[in-house]
Amino acid sequence: MCTFAAQQLEKAEAVIIDAIRLGVLPDVVTYNTLVSTYCRLVGIDAAYSILYRMREAGINPDVITYNSLIAGAAKHCSLSRSLDLFDEMLQMGIPPDVWSYNTLMHCFFKVGKPDEANRVFRDIILSNLSPCAATYNIVINGLCKNGYTGNAFMLFRNLQHHGFIPQLVTYNILINGLCKSGRLGAARRILKELGESGNVPNAISYTTVMKCCFRSRKFEQGLEIFAEMKSKGYTFDAFTYCTAIGALVKIGRIKEANECIEQMVKNGIELDIVSYNTLINLYCKEGKFEDAYMLLDEIEKGGLECDKYTHTILIDGLCKAGNIDGALQHLKCMDRLDSNLVAYNCFIDGLCKSGHIDYAMRVFESMEVKDSFTYTSLVHNLCKVRRFHSASKLLLSCIRGGMKILKSTQRAVLRGLRSSGFSRQAKRLKSKIRLAKILHC
DNA sequence: GTAGGGTTAG
C-alpha cells in the first residue's frame, strides 16, 4: 500500500474513533465502506477482520458487506475464498442479490473458468433476479478476456436485437476485446457505431483503438487518432499520454515524445508508476541516465514503488549503453519479483549488443524459463558475429520446443551457413525445421 | 458494492 493510501486509511479510522467517543456509533454503511477500502488497499484478510469488529459492535453484515468481500477475494484471484464467502453468506441467511452473482461470475471469468461463469449467468437468467446492464458487461468482458471475442460480439448483437441499449462501457469492453484479438477493422467500426449510438466515445474508447494501431505497427493510423482526439478537445489523461509517448519512442520520434511529456506536466497530470516508467524509458533511449535516476528518487519520495517494468526498462537501457554492472544491480532487484523473463531477455540482448556474447550464452544456459524472444535475440546476435553453427543449434531447439521464431532470423541462419560454405548443413537444417514444425502442428 | 484504456525485450 502506498504511503498516501495508508495515511488516508489511518485518518478514516481516527474519524471513527472520534465519532465513537462522541457517542456516534458506526453503522453497517460505515463498516461496509471500511470493508471495501481494506479490500482495495490492504488485502482480503484485513477486510475480513472488519467482520469481527462489526459483530463485536453488534452490527450484522449485509449483502453489500459480503459482495465487497467476494469482490476483494476475486481481485486477489482467490476463487476458493470467493466461493467460501458466498457459502458463508448463504449460511448467515443473507440472500444474494444480482451483484453477488455478478461478482461471482466476474471471479470465474477472471481465473479463466468461462464455463463456470456461464453457469452463473444462466442461474441469473433463470432465477427471479433480473440481470442488470453490468451483468451483460461482465459477461461480454469475461468472454473477450477468455478468448471468446466472437461469442461476445454475437451476444452483444443478440442483446441489441432484444432491446438492450449498450452503455458506453459496453462499447469500450467490446472495442477492447476486438483490439486484443487483432480485429482492428471491426474495432474501428464499433467505435464509429458508438459515435452514432447517442453515446459519446470517451478517451478510453479512443486510447484503446490507438493502442491497437500501435500494436499492429500502424503508427501513422494511431497517431492520427491521437491528433483527432486533440482536435475534438479531449482532455488527455495519463493513459492516453503513455500510449502515445510509448509509440513515439518506439519509432524514434523523440522530440515529439518530449513535447508530449511537457504537455502532460503542464496539464497537471499526477504521475503514477506507469507514467514514470514511460518517462524513464524515454530517458534511457536518449541515454539520459542521470535524469532517469532522478525519476527513481522521485518515485520513492512520492511513496510509489518501482515495479518489474521500471527495472526491466533500466536493464534494457543500461545494457544497450554498455553498463552491464548497472544492469546487474537492477536484475538483482528483480529476483524478488515473480516474473523476470523479459528482464533476462533484455539482459541477454543487451549483453550481445555490447559485445559480451559468451556472457550472454552463459546467462542463457542458466535460465530455467525461456521464450521465443530469448532464442531470437541470441540466434540473431550469433549470426551477426558469424557463429552460424551455434545459431543453427539454438534455432532448432527453439522450434523443437514449439516456439515461434522470426522468419528473418531463420533466414539469417540459413543464409549465413550457405555463405560460409555450409550449404549441405543449411539444407539439412531447413528440413529439420520443417519436420519440427509439422510435429508441433 | 460492479464492468472498460496506458509502461519493457527479439
Side-chain angles (χ1 to χ4, degrees), chain A residues 29 32-33 35-37 39-40 62-72 74 97-103 105-106 109-110 132-142 144-145 167-177 179-180 202-212 214 236-247 249-250 272-282 284-285 307-317 319-320 339-350 352-353 371-381 398 404-406 408-409:
Chain A
V29 179
N32 285 350
T33 312
V35 167
S36 74
T37 311
C39 273
R40 211 176 58 235
D62 63 6
V63 63
I64 297 178
T65 324
Y66 273 97
N67 286 353
S68 298
L69 286 168
I70 295 168
D97 65 4
V98 69
W99 276 109
S100 321
Y101 285 103
N102 283 352
T103 313
M105 197 167 61
H106 176 57
F109 274 128
K110 208 174 160 186
C132 59
T135 311
Y136 298 123
N137 293 340
I138 291 169
V139 178
I140 295 173
N141 185 43
C144 288
K145 294 274 157 67
Q167 302 168 313
L168 171 61
V169 62
T170 325
Y171 279 101
N172 285 349
I173 286 169
L174 187 62
I175 289 172
N176 185 40
C179 283
K180 291 277 153 64
N202 63 3
I204 297 180
S205 334
Y206 280 108
T207 310
T208 310
V209 179
M210 182 167 83
K211 169 74 191 158
C212 182
F214 294 147
F236 296 160
D237 59 9
F239 283 74
T240 317
Y241 277 117
C242 289
T243 311
I245 295 168
V249 171
K250 205 157 265 170
D272 60 6
I273 190 63
V274 179
S275 315
Y276 274 114
N277 290 343
T278 308
L279 303 200
I280 291 173
N281 187 37
L282 169 61
C284 283
K285 294 286 185 302
D307 60 7
K308 63 175 182 180
Y309 286 89
T310 326
H311 294 298
T312 306
I313 288 164
L314 279 158
I315 289 165
D316 186 53
C319 261
K320 286 200 172 107
S339 158
N340 54 10
L341 177 60
V342 182
Y344 270 95
N345 287 347
C346 290
F347 190 53
I348 284 192
D349 194 57
C352 292
K353 289 214 165 77
D371 67 359
S372 75
F373 277 85
T374 332
Y375 281 95
T376 312
S377 258
L378 260 181
V379 173
H380 184 79
N381 282 294
C398 176
K404 281 186 177 157
I405 195 158
L406 288 179
S408 57
T409 309

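Please read these numbers as outputs of a predicted model, since none were measured by experiment. Throughout, a chain's letter reflects where its sequence line sits, starting with A, and its residues are numbered from 1.
- Once the 5.5 Å centre distance and the 30° plane angle are applied, the aromatic ring of A:Tyr309 is found not to be stacked with the base of B:dT8.
- In the set B:dG1, B:dA3, B:dG6, B:dA3 carries the atom at the smallest distance from any side-chain atom of A:Gln167.
- When heavy atoms are screened at a 4.0 angstrom cut-off, A:Ser377 is found touching the sugar-phosphate backbone but no base atom.
- Of the listed nucleotides (B:dG4, B:dG1, B:dG6), B:dG6 has the atom at the smallest distance from the side chain of A:Lys211.
- Heavy atoms of A:Asp62 sit nowhere under 4.0 angstrom from any nucleic acid atom.
- For A:Leu168, taking side-chain heavy atoms from C-beta onward, the closest of the listed nucleotides B:dG10, B:dT7, B:dG4 is B:dG4.
- Heavy atoms of A:Ala71 sit nowhere under 4.0 angstrom from any nucleic acid atom.
- Residue A:Thr208 places no side-chain atom within donor-acceptor reach of the base of B:dG5, judged by atom type and a 3.5 Å distance cut-off alone.
- Among the heavy atoms of the strands, none lies under 4.0 Å from A:Thr65.
- Rounded to an integer number of Å, the gap from A:His311 NE2 to B:dA9 P is 17 Å.
- For A:Lys250, no side-chain nitrogen or oxygen approaches OP1 or OP2 of B:dG10 to under 4.0 Å.
- The CD1 atom of A:Ile138 sits 11 Å away from the C1' atom of B:dG1 (whole-angstrom rounding).
- Candidate nucleotides B:dT7, B:dG1, B:dA9 were compared by shortest atom distance to the side chain of A:Ile64, and B:dG1 ranks first.
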Original post:
Stepwise, does the salt bridge (Lys or Arg N to Asp or Glu O under 4.0 Å) test hold for A:Asp316 with A:Lys285?
Top reply: CA-CA 9 Å; A:Asp316 186 53; A:Lys285 294 286 185 302; 3.7 Å; yes
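- A:Ala244 comes within 4.0 angstrom of no nucleic acid atom, judged by non-hydrogen atoms across all strands.
- Rounding to the nearest 0.5 Å places OG1 of A:Thr170 at 11.5 Å from OH of A:Tyr136.
- When distances run from any side-chain atom of A:Asp307 to the nucleotides B:dT7, B:dA3, B:dG10, the shortest one goes to B:dT7.
- Atoms CG (A:Leu279) and C1' (B:dT8) sit 14 Å apart, rounded to a whole Å.
- For the pair A:Lys320 and B:dG10, the criterion of a side-chain N or O lying under 4.0 Å from OP1 or OP2 is met.
- What separates CG of A:Leu341 from P of B:dG10 is a distance of 13 Å, to the nearest Å.
- Residue contacts shown for A:Asn141 are limited to sugar-phosphate atoms, with no base heavy atom under 4.0 Å away.
- Between B:dG5 and A:Asn176, a contact under 4.0 Å exists linking OP1 or OP2 to a side-chain N or O.
- Residue A:Asp349 has its side chain nearest to B:dG10 when only B:dG5, B:dG10, B:dG4 are considered.
- The residue A:Thr103 sits apart from the nucleic acid: no heavy atom pair falls under 4.0 Å.
- The base of B:dG6 does not come close enough to the side chain of A:Thr278 for any donor and acceptor atom to sit less than 3.5 Å apart.
- Taking only side-chain atoms of A:Ile173, from C-beta outward, the nucleotide of B:dA9, B:dA3, B:dG5 with the closest atom is B:dA3.
- At a threshold of 4.0 angstrom between heavy atoms, the contacts of A:Asp237 include nucleobase atoms, whether or not backbone atoms are also involved.
- Checking each of A:Asn202, A:Asn141, A:Thr208 against A:Asn172 for a side chain to side chain donor-acceptor pair (under 3.5 Å) leaves exactly one that passes, namely A:Asn202.
- Residue-level contact check: A:Ser372 touches the bases, meaning some heavy atom is under 4.0 Å from a base atom.
- Using a 4.0 Å heavy-atom criterion, one finds that A:Thr312 contacts the bases of the nucleic acid, with or without backbone contacts as well.
- A pairwise comparison of heavy atoms in A:Ser372 and A:Lys404 identifies CB-O, 2.8 Å as the closest pair.
- B:dA3 atom P lies 18 Å from atom CG of A:Leu174, rounded to whole Å.
- When distances run from any side-chain atom of A:Ile313 to the nucleotides B:dT7, B:dG1, B:dA3, the shortest one goes to B:dT7.
- In this structure, A:Thr207 reaches the bases: a heavy-atom distance under 4.0 Å links it to at least one base atom across the strands shown.
- Note on A:Ser205: nothing from the nucleic acid sits closer than 4.0 angstrom, heavy atoms only.
- Contacts of A:Cys346 with the nucleic acid, taken as non-hydrogen atoms under 4.0 Å apart, involve only primed sugar atoms and P, OP1 or OP2.
- Among the atoms of the strands shown, base atoms are found under 4.0 Å from some heavy atom of A:Asp272.
- Annotation: side chain to side chain donor-acceptor pair (under 3.5 Å) contacts of A:Thr312 (sequence neighbours excluded): none.
- Put simply, CG on A:Leu282 is 15 Å from C1' on B:dG6, counting in whole angstrom units.
- B:dA3 atom C1' lies 9 Å from atom NZ of A:Lys145, rounded to whole Å.
- Which of B:dA9, B:dG4, B:dG5 sits closest to the side chain of A:Asp316 comes down to B:dA9.
- When the C1' atom of B:dA9 is taken as reference, atom CG of A:Leu406 falls 12 Å away, rounded to whole Å.
- When the side-chain nitrogen and oxygen atoms of A:Lys285 are compared with OP1 and OP2 of B:dA9, one or more of them lie within a distance under 4.0 Å.
- If you take NZ on A:Lys308 and CG on A:Leu341, they are separated by 9.5 Å, rounding to the nearest 0.5 Å.
- Atom OG1 in A:Thr376 sits 8.0 Å away from atom CG in A:Asp371 (nearest 0.5 Å).
- In the set B:dT7, B:dA3, B:dG5, B:dG5 carries the atom at the smallest distance from any side-chain atom of A:Thr240.
- A donor atom on one side chain and an acceptor atom on the other are found under 3.5 Å apart for A:Asp97 and A:Ser100.
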